[in-house]
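See below for the structure under consideration.
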Protein chains: 2
Amino acid sequence: MAKAGPGAKANAPRGKRATSYDVARLAAVSQSAVSRAFTPDAYISPSMRKKVLAAARQLGYQPNAIARGLTTSRSRVVALFMPNIGNPIYPFVLQTFSHRLRSHGRQILLLPLVENANEALACMLQYQIDGLVITAASPLALSKAIARKCLAAGIPVVLFNRYFADLKVASVNCDNARGGALAAEILHGAGHQRFAFIGGPEETSTHIDRYRGFADRLRAFGAAAPLIETGPYTYDGGHGAGMRLFARRDRPDAIFCANDVLAIGALDAARVGHGLQVPRDVSIIGFDGAPMAAWAGNDLTTIALRLVAMVESTVEVLLRAIDGQRAGSEPIRIPGDLVIRKSARMPGGSLPAAST
Amino acid sequence: MAKAGPGAKANAPRGKRATSYDVARLAAVSQSAVSRAFTPDAYISPSMRKKVLAAARQLGYQPNAIARGLTTSRSRVVALFMPNIGNPIYPFVLQTFSHRLRSHGRQILLLPLVENANEALACMLQYQIDGLVITAASPLALSKAIARKCLAAGIPVVLFNRYFADLKVASVNCDNARGGALAAEILHGAGHQRFAFIGGPEETSTHIDRYRGFADRLRAFGAAAPLIETGPYTYDGGHGAGMRLFARRDRPDAIFCANDVLAIGALDAARVGHGLQVPRDVSIIGFDGAPMAAWAGNDLTTIALRLVAMVESTVEVLLRAIDGQRAGSEPIRIPGDLVIRKSARMPGGSLPAAST
DNA sequence: CTGAAAGCGCTTACAG
DNA sequence: CTGAAAGCGCTTACAG
């Protein structure tokens with residue numbers, strides 16, 4: 001098999017691991033007993049279990065999850081489709097998923113950047129994945145196709161901070177519309193007049209809901225409709241949108257951005273690109289609670305996701321679905337938290353200390 | 001088994017997947033033939049393979065990787081231990097690993113934040129992991145213990161951008177010492193006098209080599225030894241170190257930072273914390289090539305890792321080891337690339353345009 | 001509560 | 001090149 005070159009050892013020494021039979025022999029019990037000793041809630045006496053575990057420890061025995069998977073047709077592995085890991089909140093999301101799933105005895109298989117849904121499905125089927133978490137809806141068609149195929153194959157799916165308007169899939173979200181409304185309240189309350197929204201890909205639910213919450217609340221205040229610029233959810237997207245907005249004669253004095261990376265791009269477009277002072281000349285509010293929003297050079301007012309709560313809720317919904325309970329497809333919404341920094345004027349408040 | 005509440009379906013419908021026997025029956029061939037059709041390099045005629053693949057497509061058959069793993073005792077899964085995903089170059093590293101490994105038919109299992117090496121080993125053994133990539137040496141003792149145990153269990157290990165002085169493990173690194181020397185050449189050549197180094201945890205090989213390259217070259221120039229401040233490899237670490245350095249009477253006018261996040265913290269300590277102009281009052285050079293080094297608000301001169309080349313080399317070394325070839329334990333070194341931006345004066349160059 | 005036995009879905013010598 | 005058969009290391013009814 002291993003077409004190794006000359007001098008190669010045919011197979012690395014893998015030290016012949018102990019099996020349940022080895023443990024059974026040493027403990028002088030049946031192999032079934034060994035299996036039961038490692039199965040929580042199995043019918044086995046405490047003394048038997050103790051004896052088996054002692055022998056297992058002696059041999060360094062670990063049950064083979066592959067063999068178990070073959071008989072149970074459950075791998076105890078959850079797949080994560082996270083092509084948006086470039087958004088700086090996602091490394092933390094990934095870590096948190098990994099940690100929480102582990103505490104439930106689950107491992108994470110990271111789905112690669114597939115070209116089409118069939119590749120993703122093939123991977124999930126081959127490895128008998130128990131469930132899937134999707135954290136990106138972009139490109140929308142791909143994420144949706146993956147979700148659809150998995151569901152059809154009986155693999156539970158939960159969406160993290162996004163949902164599909166026309167496909168019933170369980171999801172856990174930030175209350176994005178509420179966050180957008182909050183941004184409108186602050187910016188309008190601080191006396192701003194010319195509003196703008198910098199968004200991401202227009203078909204994503206985060207873009208839609210954050211915009212809708214913002215625009216609806218502005219309308220309720222009787223304010224003019226916000227200007228809109230969109231781009232990819234990246235620094236360059238925000239920077240480009242900011243440059244275009246600030247070049248206008250009627251340049252906005254208050255910008256709400258669909259996420260923090262966009263907002264930091266817009267901040268730099270204001271300060272570095274156009275020599276504006278923030279928030280004297282323009283207030284900027286982001287969304288997400290990315291680590292760099294807190295950096296002194298940005299000092300970005302933002303609406304932070306409750307990431308830990310969102311991950312925990314996602315894991316809960318997913319594990320319940322894996323256990324066979326139907327998951328509701330109505331999006332679960334968890335509020336976001338306003339984090340006040342120096343990039344936006346606040347209602348009633350004096351202008352915060354300068355922070356060019 | 002599934003202790004589901006009332007109303008729960010005992011088991012989600014998983015639609016009874018087709019097996020190799022089903023395909024064999026439909027194609028009117030033996031089950032062995034089906035297996036061979038899905039094995040590259042197997043002894044099988046083209047016509048037979050074609051017949052089998054047609055039947056397989058008709059049934060939506062995918063070979064069950066779990067069952068294959070049981071017979072071959074190879075899972076085709078590689079584990080990644082990446083607790084330093086908070087460093088903003090690692091999301092890209094993770095994506096690149098995922099993509100490259102997939103092109104070799106391998107999947108990634110993400111190792112959770114384990115408490116001790118035994119947990120990590122248990123996970124690797126249970127899932128019959130073929131190999132391990134470690135991207136963090138902090139805490140050093142943990143990474144080293146994990147590597148040692150895996151190697152002892154016959155699981156190949158490759159370190160990404162770090163190595164252990166006292167444990168022979170294959171590794172792929174940036175030429176960190178060379179990068180440090182390059183920073184010294186630039187800062188000294190630009191006419192700076194009072195040098196400082198902001199580092200990470202002192203036992204990490206990146207800290208050591210980057211410092212050593214920097215300090216050795218400065219010494220060769222006859223310059224005074226650099227001040228040193230260290231902290232965790234984070235923005236706050238760099239910011240704190242910068243604040244301390246700039247508060248000194250003999251504050252440095254040239255700082256080399258062991259990575260970009262540290263450098264951005266130092267930049268903000270200079271500009272926001274101490275009202276200094278960069279690079280008029282102080283030049284700052286980072287290391288890594290993190291995305292935010294390119295942001296207009298930072299505009300950080302840095303030494304960028306060739307991440308794609310490093311990942312490819314790591315994958316190559318690992319797969320070779322999995323195939324049974326002994327991997328050399330001498331660190332492989334790949335050069336870094338100087339990326340000139342505006343945070344440091346350049347030798348002979350005029351002072352770049354202001355960029356407060 | 002325990003053990004003997006079947007079976008999960010593959011791969012791989014072994015014959016032909 | 002192809003097929004029959006053993007075996008990978010478990011779990012889980014089925015008897016006792």
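Values in this document were obtained by computation on a predicted structure and should not be read as measured data. Note: hydrogens, waters and symmetry copies are ignored here, and every other heavy atom, side chains too, is used. Naming: A, B, ... by sequence-line order, numbering from 1 per chain.
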According to a strict under-4.0 Å criterion, is [X] in side-chain N/O contact with OP1 or OP2 of [N]?
X       : N      : result
A:Ser45 : C:dT2  : yes
A:Ser20 : D:dC10 : yes
B:Tyr61 : C:dC10 : yes
A:Ser30 : C:dG3  : yes
A:Thr19 : D:dG9  : no

Distance between P atoms of C:dA13 and C:dG9 (Å, rounded):
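It works out to 23 Å between them.
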Write down the distance between [atom1] ([X]) and [atom2] ([N]), rounded to a whole number of angstrom.
X        : N      : atom1 : atom2 : value
B:Lys51  : D:dC1  : NZ    : P     : 15 Å
B:Phe38  : C:dT12 : CZ    : P     : 16 Å
B:Arg76  : C:dT11 : CZ    : P     : 11 Å
B:Arg25  : C:dG9  : CZ    : C1'   : 13 Å
A:Asp41  : C:dC1  : CG    : C1'   : 16 Å
B:Arg36  : D:dA4  : CZ    : P     : 11 Å
B:Ile66  : C:dC10 : CD1   : P     : 11 Å
A:Gln126 : C:dT11 : CD    : P     : 11 Å

Which nucleotide sits closest to the side chain of [X]: [options]?
X       : options               : value
B:Ser32 : D:dA5, D:dC10, C:dT11 : D:dA5
A:Val29 : C:dG7, C:dG3, D:dC8   : C:dG3
A:Asn64 : C:dG9, C:dT2, D:dC10  : D:dC10
A:Ala67 : D:dG9, C:dG3, D:dG3   : D:dG9
A:Ser35 : D:dA4, C:dT11, D:dT12 : D:dT12
A:Ala33 : C:dG3, C:dG9, D:dG3   : C:dG3
A:Thr72 : C:dT2, D:dA5, D:dT12  : D:dT12
B:Tyr43 : D:dC1, C:dA13, C:dT2  : D:dC1

Report the distance from atom [atom1] of [X] to atom [atom2] of [Y], rounding to the nearest 0.5 Å.
X        : Y        : atom1 : atom2 : answer
A:Arg100 : A:Ser313 : CZ    : OG    : 11.5 Å
A:Thr72  : A:Asp130 : OG1   : CG    : 8.0 Å
A:Leu121 : A:Ile129 : CG    : CD1   : 11.0 Å
B:Met124 : B:Lys149 : CE    : NZ    : 13.0 Å
A:Tyr127 : A:Ile66  : OH    : CD1   : 8.5 Å

Got B:Phe38 and B:Leu53 here, is their nearest side-chain heavy-atom distance under 4.5 Å?
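With C-beta onward as the side chain, the pair touches.
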Does some side-chain heavy atom of A:Val114 sit less than 4.5 Å from a side-chain heavy atom of A:Phe81?
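Yes; the side chains approach each other to less than 4.5 Å.
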Intra- and interstrand pairs of DNA chain D - dot-bracket, Watson-Crick/G-U under 3.5 Å, | marks other strand
|||.||||||||.|||
With a 4.0 Å cut-off on N to O distance, would you call A:Asp323 and A:Arg320 a salt bridge?
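Judged by the 4.0 Å cut-off on N to carboxylate O distance, A:Asp323 and A:Arg320 do not form a salt bridge.
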Nearest nucleotide by nearest heavy atom, which residue falls closer to the 5' end of DNA chain D, B:Leu70 or B:Pro46?
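Nearer the 5' end of the strand: B:Pro46.
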Tell me which of A:Gln31 and B:Arg49 sits closer to the 5' end of DNA chain D, going by the nucleotide each one is nearest to.
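It is B:Arg49 whose nearest nucleotide is closer to the 5' end.
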The single option from A:Val34, A:Ile44, A:Val23 passing side-chain contact (heavy atoms from CB on, under 4.5 Å) against A:Val29:
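Only match with A:Val29 under side-chain contact (heavy atoms from CB on, under 4.5 Å): A:Val34.
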Between the base of C:dG9 and the side chain of B:Arg17, is there any donor-acceptor pair under 3.5 Å?
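When only heavy-atom distances are counted, B:Arg17 does not reach the base of C:dG9 through any donor-acceptor pair under 3.5 Å.
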Using heavy-atom distances to pick each residue's nearest nucleotide on DNA chain C, tell me which of B:Arg68 and A:Ser47 is more 5'.
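Its nearest nucleotide being more 5', the pick is A:Ser47.
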